[in-house]
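Nothing fancy with the numbering, it's 1 onward along the sequence.
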Amino acid sequence: MTTYFEGYQRKLRLMMRLTLRVLAARLHAHSTSSTSMAYSAKIGPSILSSDLSCLGSECVRMMECGADYLHLDVMDGHFVPNLTFGHPMVECLRKSVGQDPFFDMHMMVSRPEQWVKPMAAAGANQYTFHLEATTNPGNLIKEIRESGMKVGLAIKPGTTVEELAPWANQIDMALVMTVEPGFGGQKFMEDMMPKVSWLRSQFPSLDIEVDGGVGPDTIHKCAEAGANMIVSGSAVIGSDDPRSVIALLHTVVAEAIQKRSLDR
């Protein structure tokens, strides 16, 4: 009888130790998740606002001024009325600026499937296509990954964020357009911020980018909504002091991320 109770007590002590370890692990995980975020503030100048006659040196200048990545707008004259450049220009830029800058390709094109492999070969790092431009986002996401690039998925102002949601767990970044795509210099659309807020609440670790009319006057709205990747064109590149503008944008977003982390 004594042996039976001793064995029972040993098992009970073992179970208690295991339970305490599990609780400790859960508390540690909760503490870690509540004080850190899986995403960070990143500022990407839109190089289309640059002097296109010296694009390579402009890209270098932006990186030297503190840019985290470069946003390259590709327009085909069909998906949007404007026409810019394609993969041959990207290849030349990559040779000019080296391997370090992260190229975020914003593909405003009607057949995004057509340019995945050429852009990968040219040196693109992230391929951001528009949900409105394809009938099979799943296949395109798979093709982009197989080509070695990160996946971005963009929506126009007229597209609901719920249409993007089914793909959010398969992509690296969601781009919420804050102007109609195709032209620079448009007014920031503040009514797009609920899309950003909803995405941040539903997909806490997702990179969320905003593009269009973003600068010192509008950055607080973007940051508070939950955007962490900020595309800024004329506000940065057209500034007399782009380094200070980039630093300001970065600080506002980083502070918003920190506040969200503490509020969790």
*Asks:* Taking only Lys NZ, Arg NE, NH1 and NH2, and the carboxylate oxygens of Asp or Glu, determine whether Asp172 and Arg145 approach each other closer than 4.0 Å.
*Replies:*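 Looking at Arg145 together with Asp172, the answer is yes, because their closest N to O distance falls below 4.0 Å.
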*Asks:* Please list all pairs passing the ring-ring contact (aromatic ring centres under 6.0 Å, His included) test where one or both residues lie in residues 152-173, with sequence neighbours left out.
*Replies:*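 Not a single pair qualifies under ring-ring contact (aromatic ring centres under 6.0 Å, His included).
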*Asks:* Taking the side chain as every heavy atom from C-beta outward, state whether Glu163 and Leu131 have any atom pair closer than 4.5 Å.
*Replies:*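 A side-chain contact under 4.5 Å exists here.
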*Asks:* Any sub-3.5 Å donor-acceptor pair from Lys195's side-chain atoms to Pro157's backbone N or O?
*Replies:*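 Judged by distance alone, yes, a pair lies under 3.5 Å.
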*Asks:* What I'd like to find out is whether the side chain of Leu153 reaches to under 4.5 Å of the side chain of His130, using heavy atoms alone.
*Replies:*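 Counting from C-beta outward, Leu153 and His130 never come under 4.5 Å.
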*Asks:* Minimum heavy-atom separation for Leu249 to Pro216, with atom names?
*Replies:*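 For Leu249 and Pro216, the tightest heavy-atom pair comes out as CD2-N, 4.0 Å.
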*Asks:* Could you pull out all residues at least two apart from Ser147 that satisfy side chain to side chain donor-acceptor pair (under 3.5 Å)?
*Replies:*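 Result, side chain to side chain donor-acceptor pair (under 3.5 Å) vs Ser147: none returned.
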*Asks:* Nearest 0.5 Å, please: how far is CD1 in Ile43 from SG in Cys65?
*Replies:*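 Atom-to-atom, Cys65:SG and Ile43:CD1 are 13.5 Å apart.
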*Asks:* What residues, two or more places apart in sequence or in another chain, satisfy side chain to side chain donor-acceptor pair (under 3.5 Å) together with Glu255?
*Replies:*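 Expected list: none.
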*Asks:* Indicate, with yes or no, if Val151 and Val109 share a hydrophobic cluster defined by side-chain heavy-atom contacts under 4.5 Å among Ile, Leu, Val, Met, Phe, Trp and Tyr.
*Replies:*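 Yes; Val151 is reachable from Val109 via cluster members.
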*Asks:* With clusters defined by side-chain heavy atoms of hydrophobic residues (ILVMFWY) lying less than 4.5 Å apart, directly or transitively, does Leu206 cluster with Val176?
*Replies:*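 Per the 4.5 Å side-chain linkage, Val176 and Leu206 are co-clustered.
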*Asks:* With sequence neighbours excluded, what pairs up with Val179 under the side chain to side chain contact (heavy atoms under 4.5 Å, CB included) test?
*Replies:*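 Scan of Val179 (side chain to side chain contact (heavy atoms under 4.5 Å, CB included), adjacent residues dropped) gives Met177, Gln186.
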*Asks:* What is the minimum heavy-atom distance between Gly66 and Ile246, and which atoms define it?
*Replies:*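 Residues Gly66 and Ile246, closest heavy atoms: O-CG2, 3.6 Å.
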*Asks:* Treating Ile, Leu, Val, Met, Phe, Trp and Tyr as nodes and any side-chain heavy-atom pair under 4.5 angstrom as an edge, say whether Ile47 and Met173 lie in one connected cluster.
*Replies:*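 Shared cluster, no.
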*Asks:* Is there a side-chain contact between Ile237 and Met62 in this structure, where contact means two heavy atoms from C-beta onward sitting under 4.5 Å apart?
*Replies:*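 Side-chain contact under 4.5 Å: yes.
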*Asks:* Is the closest side-chain heavy-atom distance between Asp217 and Phe188 below 4.5 Å?
*Replies:*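 Answer no - side chains too far apart.
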*Asks:* Tell me, please, which residues at least two apart from Thr135 pass side chain to side chain contact (heavy atoms under 4.5 Å, CB included).
*Replies:*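 Residues passing side chain to side chain contact (heavy atoms under 4.5 Å, CB included) with Thr135: none at all.
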*Asks:* Kindly write out the residues that satisfy side chain to side chain contact (heavy atoms under 4.5 Å, CB included) with Ser197, not counting sequence neighbours, or none if the list is empty.
*Replies:*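 Expected list: Ala225.
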*Asks:* Taking distance alone, no hydrogens or angles, what donor-acceptor pairs closer than 3.5 Å link side-chain atoms of residues 111-124 to residues at least two apart or in another chain?
*Replies:*
from	atom 1	to	atom 2	distance (Å)
Arg111	NH1	Gln114	OE1	3.3
Glu113	OE2	Thr134	OG1	2.6

*Asks:* If you compare all heavy atoms of Ile257 against all heavy atoms of Ala41, which two are closest, and at what distance to 0.1 Å?
*Replies:*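 For Ile257 and Ala41, the tightest heavy-atom pair comes out as CD1-N, 3.5 Å.
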*Asks:* What heavy-atom pair brings Leu48 and Leu52 nearest, and what distance separates the two atoms?
*Replies:*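 Reported closest heavy-atom pair: O-CD2, 4.2 Å.
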*Asks:* Drop me the distance from Met193's CE to Glu224's CD, to the nearest 0.5 angstrom.
*Replies:*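 If we round to the nearest 0.5 Å, Met193:CE and Glu224:CD are 10.5 Å apart.
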*Asks:* Can you find a heavy atom in the side chain of Ile141 that is under 4.5 Å from one in the side chain of Ile171?
*Replies:*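 Heavy-atom side-chain distance check passes, below 4.5 Å.
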*Asks:* Determine, stepwise, if the pair Asp68 / His250 fulfils side-chain contact (heavy atoms from CB on, under 4.5 Å).
*Replies:* CA-CA 9 Å; Asp68 298 288; His250 200 281; 3.3 Å; yes
*Asks:* Do Arg200 and Tyr39 form a cation-pi contact, if we require the NZ or CZ to be under 6.0 Å from the six-membered ring centre and within 45 degrees of the ring's axis?
*Replies:*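 Yes, Arg200 sits over the ring of Tyr39.
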*Asks:* Determine, stepwise, if the pair Gln126 / Met149 fulfils side-chain contact (heavy atoms from CB on, under 4.5 Å).
*Replies:* CA-CA 5 Å; Gln126 181 164 275; Met149 295 181 289; 5.9 Å; no
*Asks:* Looking at every non-hydrogen atom in both residues, tell me the closest pair between Gly98 and Pro101 and how far apart they are.
*Replies:*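 It is O-CD, 3.7 Å.
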*Asks:* So which pairs with a foot in residues 197-247 pass ring-ring contact (aromatic ring centres under 6.0 Å, His included), sequence neighbours left out?
*Replies:*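 Non-adjacent pairs meeting ring-ring contact (aromatic ring centres under 6.0 Å, His included): zero.
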*Asks:* Between Asn228 (side chain only) and Asp207 (backbone N and O only), is there a donor and an acceptor less than 3.5 Å apart?
*Replies:*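 Checking the backbone N and O of Asp207 against the side chain of Asn228, no donor-acceptor pair under 3.5 Å is found.
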*Asks:* Decide side-chain contact (heavy atoms from CB on, under 4.5 Å) for Ile219 and Val214; before the verdict, give the C-alpha distance in whole Å, the side-chain angles of both, and the deciding distance to 0.1 Å.
*Replies:* CA-CA 6 Å; Ile219 186 59; Val214 182; 4.2 Å; yes
*Asks:* For residues 119-139, pull every pair meeting salt bridge (Lys or Arg N to Asp or Glu O under 4.0 Å), keeping only residues two or more places apart or in separate chains.
*Replies:*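 Residue pairs with at least one partner in residues 119-139: there are none.
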*Asks:* Could you tell me the separation between the CD atom of Gln202 and the CG atom of Asn169, rounded to the nearest 0.5 Å?
*Replies:*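 If we round to the nearest 0.5 Å, Gln202:CD and Asn169:CG are 10.5 Å apart.
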*Asks:* Between the side chain of Ser96 and the main-chain N/O of Cys92, is any donor-acceptor distance below 3.5 Å?
*Replies:*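 Flag not set: sc Ser96 to bb Cys92 has no pair under 3.5 Å.
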*Asks:* Does Val97 share a hydrophobic cluster with Phe85, counting links as ILVMFWY side-chain heavy atoms below 4.5 Å and allowing steps through other members?
*Replies:*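 Same cluster.
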*Asks:* If you group Ile, Leu, Val, Met, Phe, Trp and Tyr by side-chain heavy-atom gaps below 4.5 Å, do Met107 and Met89 land in one group?
*Replies:*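 Cluster IDs for Met107 and Met89 match.
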*Asks:* Return the set of residues passing side chain to side chain donor-acceptor pair (under 3.5 Å) with Asn139 (not counting sequence neighbours), or none when no residue passes.
*Replies:*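 None.
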*Asks:* Show which side-chain atoms of residues 69-80 pair as donor or acceptor with protein atoms under 3.5 Å away, not counting sequence neighbours.
*Replies:*
from	atom 1	to	atom 2	distance (Å)
Tyr69	OH	Glu209	OE2	2.7
His71	ND1	Asp104	OD2	3.0
His71	NE2	Asp73	OD1	3.1
His71	NE2	His106	ND1	3.4
His71	NE2	Asp211	OD2	3.2
Asp73	OD1	His106	ND1	3.1
Asp73	OD2	Ser46	OG	2.9
Asp76	OD1	His78	N	2.8
Asp76	OD1	Phe79	N	2.9
Asp76	OD2	Ser110	N	2.7
Asp76	OD2	Ser110	OG	3.2

*Asks:* Could you report the tightest heavy-atom contact between Ser232 and Gly215, atom names first, then the distance?
*Replies:*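 Reported closest heavy-atom pair: OG-CA, 4.2 Å.
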*Asks:* With a 4.5 Å heavy-atom cut-off, do Thr128 and Met108 have their side chains touching?
*Replies:*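 The answer is no; the side chains never approach within 4.5 Å.
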*Asks:* Considering only distance and modelled atom types, tabulate donor-acceptor pairs under 3.5 Å from the side chains of residues 53-60, sequence neighbours left out.
*Replies:*
from	atom 1	to	atom 2	distance (Å)
Ser53	OG	Asp51	OD1	2.7
Ser53	OG	Asp51	OD2	3.3
Ser57	OG	Cys54	O	2.9
Glu58	OE1	Arg61	NE	2.9
Glu58	OE1	Arg61	NH2	3.3
Glu58	OE2	Arg61	NH2	3.2

*Asks:* Using side-chain heavy atoms (C-beta onward) and a distance below 4.5 Å, is Val210 in contact with Val231?
*Replies:*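 No, side chains not in contact.
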*Asks:* Could you tell me if the side chain of Lys150 sits less than 4.5 Å from the side chain of Tyr127, heavy atoms only?
*Replies:*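 Sidechains of Lys150 and Tyr127: no contact.
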